[in-house]
**Student:** 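Starting off with a structure, shown below.
For clarity, every value in this text was computed on a predicted model and none was experimentally measured.
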Amino acid sequence: PPMASTPVTPARRAALDVSSAVRDGLRLDVAFGRVARALESRDRAFAHELSFGVGRLRGRLDHLLHARVRGGLERLDPPVLDVLRLGAYQVLYMGSVPRYAAISQSVEQAAEVAGRGAGGLVNAVLRAVASAGDGAELFPAPDRDPVGYLTAWGSHPQWLVERWLAQWSFDDVLALVQGNNRQPPLTLVPLEESPLEAASRLMDEGLDARVVGEGTDCVRLLPGTDPAEALRHVRGLIQDPGANLVSRYADPPEGTKIADLCAAPGGKALLSARRASFIVAADRSEVRMRRLRQNAVRTGTPLGLVVADGRRPPLRAMDVVTLDVPCTGTGTLRRHPDGRWRLRPATLTELVRVQHELIDGAASLVAPGGLLVYST
């Protein structure tokens, strides 16, 4: 008799749900936040590594899968392709996952979403991928086809690779691609104590933590650390060092009135609030502003919250105006790997127009002698 199938684990179900939501147009971080909130800590960490890993290496995975699927990936139903990408990532890049478990769970998922025939296809393809591996001989040679190499092995869109190679050397673009494909560090900014004190407190609680330095107030946490657990011990924010440097650079004078016109998710506003007499945080996304309000309540930070378009701000005469404008995100692809697949060449021109309109709107608010801080 056939062996009884093993139920698909909650973490793998969540990762497939995230893939589906991203395919429908949701940003990866938003999709993951919605899908994974009910998971146990260990399942959440597994689903995060899997979802974001596939986001980073989708181009490489598709190159390897394409060679094993007769007729190419275009003929597959999108949910089956999602299962193949998730399975291939587990087989090739999650060393903690036994190969048989990755394949059998993927077969079960494919059968659930598209029938037993799809399960058989996934079984054959993933076994072939596991056998072939991801050696250099399976990709275009970088010396003969640098665009092909950086697109396939480097897992970036061809148009973006070509744009970068027109500006920089192959070695520089390779370093950029490699950087984008590394798992980003998790960093915390303490609100009530120094980075050294926060790191010491976290270490006392059994959480590995190191001071980042480099002009930031950030503390780096060990990969896989549950950020909620760290925030239980240290009142603070999860914020990247780059974003923290913008907050440090702005350095608003004590007692000033501040307007943050593109505030969500709110890290810069929450840090600036420590020095301001009053701060208004605005963003045109009500959903993102609700998240900002949750962070303000959690940290006990008083903020004036306004859902408003920064191009036409309902304010006047502010001492400091900060404007972290929406951008292509090509400087944050390590943190937001799905951005590379959403971006289109036409987006660049459109965002330049929006940024011009935003800075015009922001400049109109600055009181005489005030400060406008523009970042992107």
**Student:** Taking CD in E40 as the centre, count heavy atoms belonging to other residues, nucleotides or ligands within less than 6.0 Å. Is the count above 12?
**Tutor:** no

**Student:** Can you list the residues that meet the side-chain contact (heavy atoms from CB on, under 4.5 Å) rule with A250, with sequence neighbours excluded?
**Tutor:** P252, V373

**Student:** Tell me, which pairs form a side chain to side chain donor-acceptor pair (under 3.5 Å) where one or both residues lie in residues 97-107, sequence neighbours left out?
**Tutor:** R12-Q105

**Student:** Let's go through D338 and R58 carefully: what are the C-alpha distance in whole Å and the side-chain angles of both, what is the deciding distance for salt bridge (Lys or Arg N to Asp or Glu O under 4.0 Å) to 0.1 Å, and is it a yes or a no?
**Tutor:** CA-CA 9 Å; D338 55 314; R58 193 180 94 180; over 6 Å; no

**Student:** Under the salt bridge (charged side-chain N to carboxylate O under 4.0 Å, His left out) rule, collect the residues that match up with D29, sequence neighbours excluded.
**Tutor:** R27

**Student:** Got a sec, which residues hit salt bridge (charged side-chain N to carboxylate O under 4.0 Å, His left out) with R13, two or more places apart in sequence or on another chain?
**Tutor:** E112

**Student:** Going by heavy atoms in the side chains, are V30 and V287 under 4.5 Å from each other?
**Tutor:** no

**Student:** Which residues satisfy the side-chain contact (heavy atoms from CB on, under 4.5 Å) test with E205, sequence neighbours excluded?
**Tutor:** H233

**Student:** Go through the steps to decide whether R353 and E357 satisfy the test salt bridge (Lys or Arg N to Asp or Glu O under 4.0 Å), and finish with yes or no.
**Tutor:** CA-CA 6 Å; R353 182 185 64 79; E357 293 173 354; 2.7 Å; yes

**Student:** Who passes ring pair (Phe, Tyr, Trp, His ring centres under 6.0 Å) against H63, sequence neighbours left out?
**Tutor:** F139

**Student:** Who are the salt bridge (charged side-chain N to carboxylate O under 4.0 Å, His left out) partners of D77, not counting sequence neighbours?
**Tutor:** none

**Student:** Hey, mind stepping through K268 and D260 against salt bridge (Lys or Arg N to Asp or Glu O under 4.0 Å) and telling me if it holds?
**Tutor:** CA-CA 8 Å; K268 300 181 188 72; D260 187 344; over 6 Å; no

**Student:** Once side-chain hydrogen bond (donor to acceptor under 3.5 Å, both in side chains) is applied, do any residues pair with R298, and if so which ones, sequence neighbours excluded?
**Tutor:** none

**Student:** Output all residues satisfying side-chain hydrogen bond (donor to acceptor under 3.5 Å, both in side chains) with R335, sequence neighbours left out; order by chain, then residue number.
**Tutor:** D240

**Student:** Are I258 and V307 connected in a single hydrophobic cluster, I mean Ile/Leu/Val/Met/Phe/Trp/Tyr linked by side-chain heavy atoms less than 4.5 Å apart?
**Tutor:** yes

**Student:** Mind checking who shares a hydrophobic cluster with L186, ILVMFWY linked at side-chain heavy-atom distances under 4.5 Å?
**Tutor:** L188, L202, L207, V219, L221, L231, V234, I238

**Student:** With salt bridge (Lys or Arg N to Asp or Glu O under 4.0 Å) as the criterion, how do D226 and R44 come out once you've worked through the C-alpha distance, each side chain's angles and the decisive distance to 0.1 Å?
**Tutor:** CA-CA 9 Å; D226 182 358; R44 183 182 176 90; 5.3 Å; no

**Student:** Have R291 and N295 got a donor and an acceptor in their side chains that come within less than 3.5 Å?
**Tutor:** no

**Student:** Would you please name every residue forming a salt bridge (charged side-chain N to carboxylate O under 4.0 Å, His left out) with R290, sequence neighbours left out?
**Tutor:** E286

**Student:** Who pairs with Y89 by ring pair (Phe, Tyr, Trp, His ring centres under 6.0 Å), at least two apart in sequence or on another chain?
**Tutor:** Y93

**Student:** Under 3.5 Å, is there a donor-acceptor pair between the side chain of R75 and the main chain of V69?
**Tutor:** no

**Student:** Quick one: sort the W168 and W164 rings into parallel, tilted or perpendicular, breaks at 30° and 60°.
**Tutor:** tilted

**Student:** Quick check: is L351 connected to L358 through a chain of hydrophobic side chains (ILVMFWY, heavy atoms under 4.5 Å apart)?
**Tutor:** no

